[in-house]
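Here the structure comes first, spelled out in structure tokens, and everything after it is commentary.
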Amino acid sequence: MWDLVLGDRRINSLRLVAPMWNGTRGIHRLGGAVVPEGNQKKERKMLQFLNNHFYDVEALRGYLLQREMSKVHLKNRSFTWLEEQHGPYSAGAFFILKQGGAVKFRDKEWIRPDKYGHFSPEFWNFREVPVEAVDASDCEINYEGLDNLLLLKELQSLSLQRCPHVDDWCLSRLYPLVDSLQELSLAGCPRVSERGLACLHHLQNLRRLDISDLPAVSNPGLTQILVEEMLPNCQVVGVDWAEGLKLGPEEQPQDTASPVPA
Amino acid sequence: MIRRVLPHGLGRGLLTRRPGTRRGGFSLDWDGKVSEIKKKIKSILPGTPCDVLPDTSHLPPEHSDVVIVGGGVLGLSVAYWLKQLENRRGGMRVLVVERDHTYSQASTGLSVGGICQQFSLPENIQLSLFSASFLRNINEYLAVTNAPPLDLQFNPSGYLLLASEKDAAAMESNVKVQKQEGAKVCLMSPDQLRNKFPWINTEGVALASYGMENEGWFDPWCLLHGLRQKLTSMGVFFCQGEVTRFVTSSQRMMTTDDEMVTLKSIHEVHVKMDHSLEYQPVECAIVINAAGAWSAQIAALAGIGKGPPGTLQGTKLPVEPRKRYVYVWHCPQGPGLETPLVADTSGAYFRREGLGSNYLGGRSPAEEEEPDPANLEVDHDFFQEKVWPHLALRVPAFETLKVQTAWAGYYDYNTFDQNGVVGPHPLVVNMYFATGFSGHGLQQAPGVGRAVAEMILEGSFQTIDLSPFLFNRFYLGEKTHENNIM
């Protein structure tokens, strides 16, 4: 299932990475993990200078920031009112599809919105069919939006790769999916740190967890070890925990699974 | 035409102000220009004149609408909400007076930084819930253009409270109230506890309550820094000095029961500078007492408690500093990454600190063994005799541990009922309290700040009703008791 997801989305996701680093939009974004280079550094310095000396520039930037935040809030508004009419699975699926993610109902194919954001309305008829897998990569889902995601009580696979607003608070909300969730991917989320990973211990049925590329995790190798200890039945994919350990001249690892002395 | 920037707080009436209270100026090199002018005057006047234009940039302004005594998290929170909820931009001048800008003894910085909703009083639960949502959205509340977003280092690992047989019934009813208010707490039996946390020894535990969401611990310095940054950008004045005197004016009035009562109002605050006798009288309309462990001294300056005992005039503010120790130890085989903040039946508590098998914790001493709050010296024997045995009993892995460091901090302990004091004083009509939270001030600061700001601006509590926390209860003798204090 993972390969299907990655195969489809890999090309799309590479395209989606570039616009995020773009000039003015990058400056207004909340995520401080962006490191601008070259021209953007000069632009940024100029903008900071103007901001410190002119009230108008400060007010304008404040207004644009507020507008960005309210856009994210709008995307994550509550769709729980759809539950009475169409059932929880369709309501949750509608939320994911509107965000730009993909949904897979049990025994059906993946439903994915096209590049204009349109998707087929056939899922409204699937009242009793539970949603098995959700691919919410690169979606702007945040803490409030998880209200809608948690309607999908029998979710087995969840991919939150590169979601810019998923942080430690959001991970603490995933525990209601303990009975069904088997695969979780958090690769590339800029705001997830080892503190959020600590609250994944509720998910005892998890079989595969992907924690690669988390820039906010301070010590990836040690975190991987601690998470593996915390979830003994789960295969934790992400970091090779021997990285960062110095190898002696004679000692080369035969296979990456064996411990390497520092 | 783009307007030139004027430094914060000064409006169009700049040219009518007397020199001395200016901050910076309207050209880019004001300080340089001033020193040139001073040199010129010195060279023109005969003899050795005294400083013609003395430098008063360290003094607070001469007039301020609100003076907040105490620059800890509660004081800054009140200042933030006052500026946030004021009707006109720049409508209120707020001054925060903090005696120690290094915050070396302030309870905020020395705190363990926990936030939990497991209280018995609904108001406390609501305050904590609001604070959790404030901290979650801190980058929307405290957004400053140009500054990087704040990272509170929040650990959402939750609180685990353990109860013995005799406390189990109280815990059950508390959890019911908590669930009603919207906190996500669940009860666990000893078997479930052993299943989930195999490192726990459940001997003596009858019931446990575990907070699943919105509970954990965070970095209080980050919150303090974020608040200061945001307040500076909103135009709040900060001053380092000590409040030494309130100048009040009184009025005798007749109550509806035909009794004479003396109402006082503070119209001037004397702020004394560090290491000197220099002081600045600040004319003010409202004073907020957020001085934490030293709130009683500030209240006494305003004449609260100076009267025959048993009367409203004679009711003192029952907040006093209590010293609490926090110890950090290393235990290589200790509980894993999923460890919540565990509070034992004996009152001892501990939590993880970082990734490296370090833990920190402590215990509130019994009434008879209260340490002397005159200084912040740590008593290491207290750990050996009173804390470690309980920890080792509860978590067998803690039998081998090594204490790395320890520190002490003050609780602004409310000796009456261990809950905060919020709202105006009935007799000193313009002094508002925001103190006395006895160890949970940090986690309730955003909510309390908003409540005090609403009280000042609207006249009553609008969002969370904190009437059980008003000062009157000390005179009337009505305790709003909180069972879950650590």
Side-chain angles (χ1 to χ4, degrees), chain A residues 27-33 44 47-66 69-70 72-73 142-144 167-176 191 193-202 204 216-219 222-223 225-231, chain B residues 1-8 28 89-90 132-133 135-141 143-158 184 186 195-199 210-219 233-235 333 335-340 351-357:
Chain A
I27 287 170
H28 291 306
R29 258 184 212 271
L30 287 174
R44 211 170 210 192
L47 208 60
Q48 279 182 2
F49 175 79
L50 288 174
N51 193 75
N52 290 338
H53 287 84
F54 297 110
Y55 271 148
D56 306 315
V57 175
E58 190 185 5
L60 184 67
R61 282 192 75 196
Y63 168 71
L64 290 173
L65 206 69
Q66 291 291 329
M69 291 199 278
S70 46
V72 175
H73 280 309
N142 71 3
Y143 186 89
E144 277 87 32
D167 57 6
D168 298 332
W169 295 87
C170 297
L171 291 187
S172 74
R173 277 197 94 174
L174 291 179
Y175 65 89
R191 294 202 191 175
S193 73
E194 67 270 17
R195 299 175 284 275
L197 294 178
C199 35
L200 294 179
H201 77 276
H202 293 285
Q204 287 299 326
V217 168
S218 52
N219 200 328
L222 183 54
T223 311
I225 298 177
L226 290 171
V227 172
E228 280 177 4
E229 275 178 22
M230 189 172 82
L231 293 170
Chain B
M1 193 59 196
I2 297 181
R3 285 170 306 181
R4 284 303 202 111
V5 75
L6 298 169
H8 28 250
L28 287 171
R89 200 180 121 164
S133 81
L135 295 175
R136 188 170 59 234
N137 297 317
I138 198 166
N139 283 313
E140 294 184 17
Y141 284 107
V144 177
T145 48
N146 262 351
L150 291 167
D151 178 16
L152 277 180
Q153 315 266 321
F154 179 70
N155 290 61
S157 300
K184 306 274 194 304
C186 71
N195 240 347
K196 204 158 188 101
F197 304 116
W199 37 263
Y210 184 34
M212 315 279 276
E213 274 186 56
N214 288 334
E215 293 194 357
W217 56 92
F218 63 97
D219 178 16
S233 88
M234 287 203 282
Q333 304 300 327
L337 198 59
E338 73 277 4
T339 317
R351 66 161 170 87
R352 264 191 85 105
E353 172 66 30
L355 286 176
S357 296

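Letters A, B, ... mirror the listed sequences (proteins, then strands); counts begin at 1. Quick note: numbers below take in every heavy atom, side chains included, and nothing from hydrogens, waters or symmetry partners.
- Here the CH2 atom belonging to Trp217(B) is positioned 8.5 Å from the CD atom belonging to Glu353(B), to the nearest 0.5 angstrom.
- Contact of Asn214(B) with chain A is made through backbone and side chain together, with heavy-atom distances under 4.5 Å.
- Interface remark: Glu215(B) contributes no atoms to any contact with chain A (heavy atom separation under 4.5 Å).
- Contact check for Thr223(A) versus Val217(A): side-chain heavy atoms found under the 4.5 Å cut-off.
- For an aromatic pair to be called close, the ring centres must be under 6.0 Å apart, and Trp169(A) with Phe154(B) satisfies this.
- In this structure, Ser172(A) and Met212(B) have side chains that are not in contact, with every pair of non-hydrogen atoms separated by 4.5 Å or more.
- Ring centroids of Tyr210(B) and Phe197(B) are separated by less than 6.0 Å, placing the two rings close together.
- For Glu229(A), no part lies near chain B; criterion is any non-hydrogen pair under 4.5 Å.
- Note on Leu337(B), Val144(B), Leu135(B), Asp151(B): by heavy-atom pairs under 4.5 Å with chain A, the leading option is Leu337(B).
- Only the side chain of Ser157(B) comes within contact range of chain A, with at least one heavy atom under 4.5 Å from a heavy atom of that chain.
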